[in-house]
Structure formats: C-alpha cells, structure tokens
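Before any comments, here is the structure.
Residue numbers start from 1 in every chain, and the chains themselves are labelled A, B, ... in the order their sequence lines are given, proteins ahead of strands.
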Amino acid sequence: MLDLKFIREHADIVKNGIKLKKADDNIDAILVLDQQRRTLIGEGEGLKAKRNEVSSKVGQMKKSGEDAGAVIEEMNAVKTRIQQIDDELKITDEKMEDLLLTVPNIPHPSVPVGTTPDDNKSIFEWGEKPQSDFVLKPHWDITGKLGIIDFERGSKVAGAGFPFYVGKAATLQRALINFFLDQASERGYTELQAPIVVNKESARGTGQIPDKEDMMYIATRDDLYMIPTAEVPVTNFHRKETFEEKDLPVKYAGYTPCFRREAGSYGKDVRGLNRLHQFDKVELVKFVHPSTSYDELETLRTDAEHLLQLLGLPYRVLLMCTGDMGFTQTKKYDLEVWAAGQQKWLEVSSCSNFESFQARRMNIKFKSRETGKQEFVHTLNGSGLALPRIVAAIIENNQTPEGKVIVPKVLQQYTKFAVIE
RNA sequence: GGAGAGGUGUCUGAGUGGUUGAAAGAGCCAGUCUCGAAAACUGGAGUAGUCGCAAGGCUAUCGAGGGUUCGAAUCCCUCCCUCUCCGCCA
C-alpha cells in the first residue's frame with residue numbers, strides 16, 4: 001500500500017499512476033475520508049487530554065480526602081463522547097484501510113506506458129533457438145514415450161495439474177533445485193526453507209489477499225493459506241522488523257512447492273507442464289536500501305538470467321508495460337525461455353521491484369544512519385527459477401531424433417546421468 | 001490433545017487501580033577527564049499518529065483484541081505465542 005501522507009500531498013502523481021495501471025481511482029474518496037479522520041482525531045485527543053488531566057486530579061483529591069463526586073460526574077459525559085468518537089474513528093479507519101488497499105503501486109518512470117502484453121518491450125535476447133532436420137516435439141509427447149511424467153495418475157490421485165514425476169524426471173527436478181540453490185548461495189543469497197502454508201496476516205502482507213485470494217488453496221479448518229510462491233513466507237520472514245542499515249541488502253533464496261488454483265485459466269496453455277496447480281520454484285527475495293533498489297533489480301535479473309545461460313536455454317527479457325505489470329510492482333522484468341517443441345516462449349521468472357509497497361504493509365524498516373529515523377526498506381523478488389517450464393524447455397530443446405533427452409552439462413554432476421532415455 | 005507457568009523498553013528485571021512512558025542495572029550515543037583509551041562522572045536516547053513554519057504540545061503504545069472504571073502495565077473476557085510435565089507421533 002502507499003503512504004497516506006504521500007497520497008495526501010501528491011494526489012496528482014498517484015492518480016496518474018492509477019490510470020497507467022488501469023486500476024480504480026478512489027483517491028478523492030480517500031482524501032475526503034482523510035479529512036474526516038483527522039477531524040475526529042483532533043476532537044478525540046483533546047478530550048482524552050482533558051480526561052487524563054482530570055483523572056489525575058481525582059487521584060490527588062481522593063488521596064487528600066476530598067469529595068471528587070462532582071468531577072467524576074462531569075467526566076462521565078466526556079467518557080461517553082470519547083467512546084462515540086473512537087467508534088466513529090474505528091469505522092473510518094476501516095473504510096480507509098479498504099480504500100488504501102485498492103490503490104496500486106505507481107510505475108517507475110522507466111517503465112513503458114501501455115495497456116496490453118503487446119506493449120511489453122523485449123529488451124534482450126540470448127542464445128540460439130535449436131535448429132534441426134527432424135520435427136521437434138512438444139515435451140508431453142516425449143515424456144509420454146519415456147514414461148517419466150505421469151499426468152493420468154496425478155489426476156487420479158489429486159486432480160488435473162498435479163502430475164507425478166517418475167524416475168529420471170524426478171531426479172532432474174531435484175537436480176535443478178540443488179543447482180539453483182547452489183548458484184544462489186554463491187551469489188550471496190542465504191538459503192531459507194520456509195513453511196508452505198501461511199496465516200492470514202502473512203497472505204495480506206505480500207498482497208495475495210485481498211487482491212488475489214481466489215488464486216489460493218485455503219485450509220479453512222485451520223485458517224491457513226497454501227503459498228502460491230515462496231515470496232509470501234520469505235518476505236514475511238522479516239515482517240514487523242527493523243534492520244540495521246549496515247546489514248542491507250539482505251538476500252534469501254527459498255525453494256518451495258507452489259500452489260495455484262489458476263481459476264479462470266482453464267484451457268489456456270494448460271498442456272503438459274505449462275500450467276500446473278502445484279509446481280516447484282526457487283524464489284529470490286531481497287530487502288534493500290531504497291537508494292539502491294533499481295540497481296538491485298538489475299542484479300536480481302542478472303542472477304536469474306545467469307541460470308538460463310548456464311543451462312544453455314535461449315531466452316528473452318521483457319520489460320513489462322504499465323498496464324500489464326500487476327498491482328504491487330513499480331517495475332518488472334519477465335524472463336521467457338524458448339520451448340522449441342511448442343515454438344513458444346514460456347515465462348520462467350518474473351523479477352520485480354515493489355519499492356516500499358510491501359514493506360509498508362508488513363512494517364519492515366531500517367534505521368537510517370543519516371537521519372536517525374526509521375524508514376521502510378524496499379523489497380524485490382524474482383524466480384530463480386520456476387521448475388516445470390524449465391524442465392519442459394530442457395526436454396524440448398535437448399531432444400534427439402530418437403526421442404531421448406540430453407541433460408545440460410551443468411546438471412550432470414547433480415543427476416549422475418547424461419541422457420534420459 | 002490434557003495439566004501448569006509465563007509474555008513489561010536493546011537486554012536483564014521491578015512494578016497488583018491514581019505524576020508509570022514505565023524503577024534499577026547492563027548495553028548504546030554525546031560530553032567531561034586523558035597524549036589516547038579504559039575507568040569514573042554528566043547528559044541523551046523507543047515507536048506511531050496528530051496539531052504546529054518551528055520550538056514544541058497532545059494522543060496512543062507494557063503479546064493482540066475487547067470489557068470494567070473518573071482513571072488500567074496492574075481487575076475481567078477472548079485469542080496468539082513461549083516454557084515445563086503428561087499423552088500421541090514423523
């Protein structure tokens with residue numbers, strides 16, 4: 001969420017940002033409410049000051065044996081009024097909270113203005129798309145023949161979108177996870193193994209609720225939310241905490257399964273591993289000093305790209321336009337890997353800067369040496385990387401005419417085999 | 001799951017209705033002393049909201065949320081968490 005003070009003082013900037021994000025503009029309502037709220041606070045605090053003063057006088061009177069009956073009687077009226085004001089204020093605050101949650105983060109000036117995915121800018125491309133004299137097959141054909149991913153039994157046991165990985169596919173996934181985590185720790189990320197369910201407060205902290213509540217599986221009996229990404233527990237790791245400035249940036253890499261209901265996306269790119277209800281992902285999360293967050297976004301992106309380069313997978317980098325960026329980000333890059341069998345780009349990472357948007361919701365600060373004040377940190381995260389689509393791309397790009405799959409060299413020390421056949 | 005104990009500022013730890021935002025000690029920052037440091041001494045220091053050009057004032061905050069009261073860290077209720085014992089268990 002944005003700072004109410006910032007909205008109050010820069011309503012025009014915020015309104016413009018809302019327009020660019022194609023969100024609902026509730027700023028005028030917020031400003032009205034803000035005014036009401038401050039009036040109530042003013043009156044309430046005045047009365048409370050009086051109450052405190054008189055109450056301590058009552059104490060003294062009683063001590064010295066005077067009769068305080070009349071004063072107490074008088075304070076009863078004040079008490080009632082304070083109660084009224086507090087009740088009103090509570091309602092106002094709740095309304096304000098609801099409205100503030102509808103205000104999106106404001107895009108960074110470097111982000112291209114646009115409304116649809118077509119307006120996203122491809123800013124970098126790496127690698128050669130595989131050429132071959134035989135027809136490259138989509139991964140589901142290959143895995144079916146090799147018997148290494150079992151969608152049917154997954155459906156039987158859990159439902160569509162919950163496949164089993166069998167034998168070497170399972171090993172390949174495990175290898176990728178280890179490879180990603182090892183790479184991350186080499187680049188200064190602390191490995192974190194996180195809960196895969198979170199409570200309501202955490203889900204709210206990173207913005208999954210109320211914005212995207214229907215994307216999540218919910219264990220209602222215990223009021224727990226299954227995480228759609230490790231971003232949720234890992235960012236909440238430091239909820240309501242204050243860093244020392246010298247400790248920033250703080251960087252984590254977390255591997256978790258991720259659960260997404262994908263409501264409303266049925267029939268869209270759902271074949272094979274392209275879109276699953278459960279998948280594995282290594283997520284990179286950073287808590288940084290505000291002055292460095294855009295540099296940190298670039299290195300975050302590079303850290304993720306590096307993995308694709310080591311795997312030898314052709315990819316491109318998209319700078320997302322204002323309208324396609326999402327509610328909470330100020331700037332976002334998507335990394336898309338080329339899947340030769342489908343002749344398609346698949347998103348495997350999304351690297352975002354949230355500035356203080358999440359930090360404010362979660363109350364994550366640092367103590368500034370310069371001002372001695374506490375300020376909100378900036379948070380960033382990016383996948384490093386999402387597994388199933390990487391598996392799909394490896395299978396499709398590294399397939400042989402006989403339908404075997406060559407394991408990328410960097411993974412072979414993890415898999416202990418070089419070919420899936 | 002059952003039975004107990006407890007949650008106070010950076011930490012230790014006092015405080016069971018009336019100058020308690022909160023004793024005391026440690027730690028931290030600044031100053032004095034010193035060639036410098038240590039020690040000693042003096043002073044300062046939470047967070048948030050709100051009013052104010054500012055100085056500063058006011059309000060809230062002793063796990064969270066309600067309640068009782070003129071007045072709550074202190075009494076009552078609900079919830080959360082930690083610890084000990086028992087049970088169950090990967």
Side-chain angles (χ1 to χ4, degrees), chain A residues 1-9 30-101 193-205 209 219-225 233 236-248 250 257 356-377:
Chain A
M1 87 173 82
L2 291 179
D3 181 19
L4 177 57
K5 238 182 233 162
F6 182 84
I7 295 175
R8 191 188 294 154
E9 285 159 18
I30 287 173
L31 292 176
V32 170
L33 216 50
D34 179 43
Q35 199 45 253
Q36 289 172 5
R37 177 175 163 273
R38 287 197 282 166
T39 307
L40 286 171
I41 288 173
E43 192 185 346
E45 289 192 347
L47 290 174
K48 281 175 188 169
K50 175 155 191 190
R51 179 187 67 188
N52 289 345
E53 188 193 330
V54 172
S55 290
S56 79
K57 209 157 67 189
V58 170
Q60 286 167 6
M61 289 169 81
K62 288 213 166 174
K63 217 173 235 172
S64 60
E66 283 177 72
D67 176 26
V71 186
I72 289 173
E73 184 61 33
E74 185 196 333
M75 286 327 285
N76 268 318
V78 173
K79 184 187 174 184
T80 315
R81 181 66 190 139
I82 287 176
Q83 190 66 256
Q84 279 173 5
I85 291 173
D86 279 350
D87 289 348
E88 252 179 275
L89 191 60
K90 197 176 163 193
I91 294 168
T92 309
D93 279 343
E94 278 165 11
K95 279 193 211 158
M96 181 63 99
E97 172 88 5
D98 289 346
L99 283 179
L100 283 177
L101 287 174
Q193 205 165 82
I196 60 171
V197 294
V198 295
N199 58 28
K200 193 169 265 171
E201 216 181 335
S202 300
R204 192 177 294 122
I209 53 175
T220 51
R221 183 170 179 175
D222 296 292
D223 227 358
L224 292 171
Y225 295 75
N236 275 284
F237 188 57
H238 286 298
R239 173 151 49 91
K240 293 184 184 165
E241 291 183 16
T242 303
F243 291 102
E244 291 296 325
E245 185 169 7
K246 64 175 164 51
D247 293 334
L248 298 177
V250 173
S356 58
F357 197 82
Q358 292 182 326
R360 185 167 288 110
R361 273 195 199 195
M362 280 184 277
N363 211 353
I364 305 175
K365 301 184 167 180
F366 71 96
K367 186 148 191 176
S368 165
R369 287 215 133 200
E370 205 178 322
T371 63
K373 291 269 178 204
Q374 299 204 7
E375 292 177 40
F376 290 106
V377 298

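Within the nucleic acid shown, A/Lys365 comes within 4.0 Å of sugar-phosphate atoms alone, with no base atom in reach, counting heavy atoms only. Within 4.0 Å (heavy atoms only), A/Arg8 reaches sugar-phosphate atoms of the nucleic acid but no base atom. Within the 4.0 angstrom heavy-atom criterion, base atoms lie near A/Val58. At the heavy-atom level, A/Gln374 lies under 4.0 Å from the strands shown only through sugar-phosphate atoms. A/Lys62 comes within 4.0 angstrom of a nucleotide base, judged by non-hydrogen atoms across all strands. Residue A/Lys50 is out of contact with every strand shown, counting any heavy-atom pair closer than 4.0 Å.
Bounding nucleotides for the chain A contact on RNA chain B, 5' to 3', at a heavy-atom distance below 4.0 Å, are B/rG18 to B/rG71.
Comparing A/Leu4 and A/Lys48 by the nucleotide of RNA chain B whose heavy atom lies nearest to each, the residue mapping closer to the 5' end is A/Leu4. Residue-to-nucleotide proximity on RNA chain B shows that, of A/Arg51 and A/Ser56, the 5′-proximal contact is made by A/Ser56.
A side-chain contact (heavy atoms from CB on, under 4.5 Å) with A/Lys95 is found for one member of A/Thr92, A/Asp98, A/Ile91, A/Leu99 and no other, namely A/Ile91.
Comparing B/rG7 with B/rA64, their P atoms are spaced 13 Å from each other, to the whole Å. Taking atom P in both B/rG15 and B/rU74, one finds a spacing of 15 Å when rounded to whole Å. If you take atom C1' in B/rG9 and the same atom in B/rA60, they sit 16 Å apart, rounded to whole Å. Rounded to the nearest Å, the gap between the P atom of B/rC29 and that of B/rC77 is 45 Å. B/rA26 and B/rC81 are spaced 37 Å apart, taking the P atom of each and rounding to whole Å. Using atom P as the reference point in both B/rC83 and B/rG31, the two lie 43 Å apart (nearest Å). A distance of about 14 Å separates the P atoms of B/rU61 and B/rA22, rounded to the whole Å. To the nearest whole angstrom, the two C1' atoms, one in B/rA39 and one in B/rG49, are 43 Å apart.
Summarising the base pairing, B/rG31 is matched to B/rC41 through a Watson-Crick or G-U wobble pair whose two defining distances lie under 3.5 Å. Across all strands shown, B/rA5 forms a Watson-Crick or G-U wobble pair with B/rU82, both key distances being under 3.5 Å. Searching all strands for a Watson-Crick or G-U wobble partner of B/rU20 with both distances below 3.5 Å returns nothing. Base-pair partner of B/rU69: not found among the strands shown (Watson-Crick or G-U wobble, both distances under 3.5 Å). In this entry B/rA60 has B/rU47 as its Watson-Crick or G-U wobble partner, both defining distances falling under 3.5 Å.
In terms of heavy-atom proximity, A/Val54 sits nearest to A/Met75 at CG1-CG, 3.5 Å.
The number of heavy atoms from other shown groups lying within 6.0 Å of CD (A/Gln193) does not exceed 12.
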**Request:** Take A/Arg204 and A/Met362, measure what side chain to side chain contact (heavy atoms under 4.5 Å, CB included) needs, and give me the verdict at the end.
**Result:** CA-CA 8 Å; A/Arg204 192 177 294 122; A/Met362 280 184 277; over 6 Å; no
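Note that CZ of A/Arg239 is 12.5 Å distant from CZ of A/Arg361, once rounded to the nearest 0.5 Å.
Of the possible polar contacts, one joining the A/Asn199 side chain to the A/Ser202 backbone as a donor-acceptor pair under 3.5 Å is found. Side-chain N or O atoms of A/Arg360 include none that pairs as donor or acceptor with a backbone N or O of A/Phe376 at under 3.5 Å. When atom types are taken as modelled, the side chain of A/Asp222 and the backbone of A/Leu224 share no donor-acceptor pair closer than 3.5 angstrom.
For RNA chain B, the neighbouring residues in residues 31-43 of chain A, judged by any heavy atom under 4.0 Å, are A/Arg37, A/Arg38, A/Ile41.
A/Leu100 is listed as a side-chain neighbour of A/Met96, based on a closest heavy-atom distance under 4.5 Å. Taking the side chain as every heavy atom from C-beta outward, A/Val250 and A/His238 approach each other to under 4.5 Å.
Residues A/Lys90 and A/Asp86 are not paired through a salt bridge, judged by the lack of any N-O separation under 4.0 Å between the basic side chain and the carboxylate.
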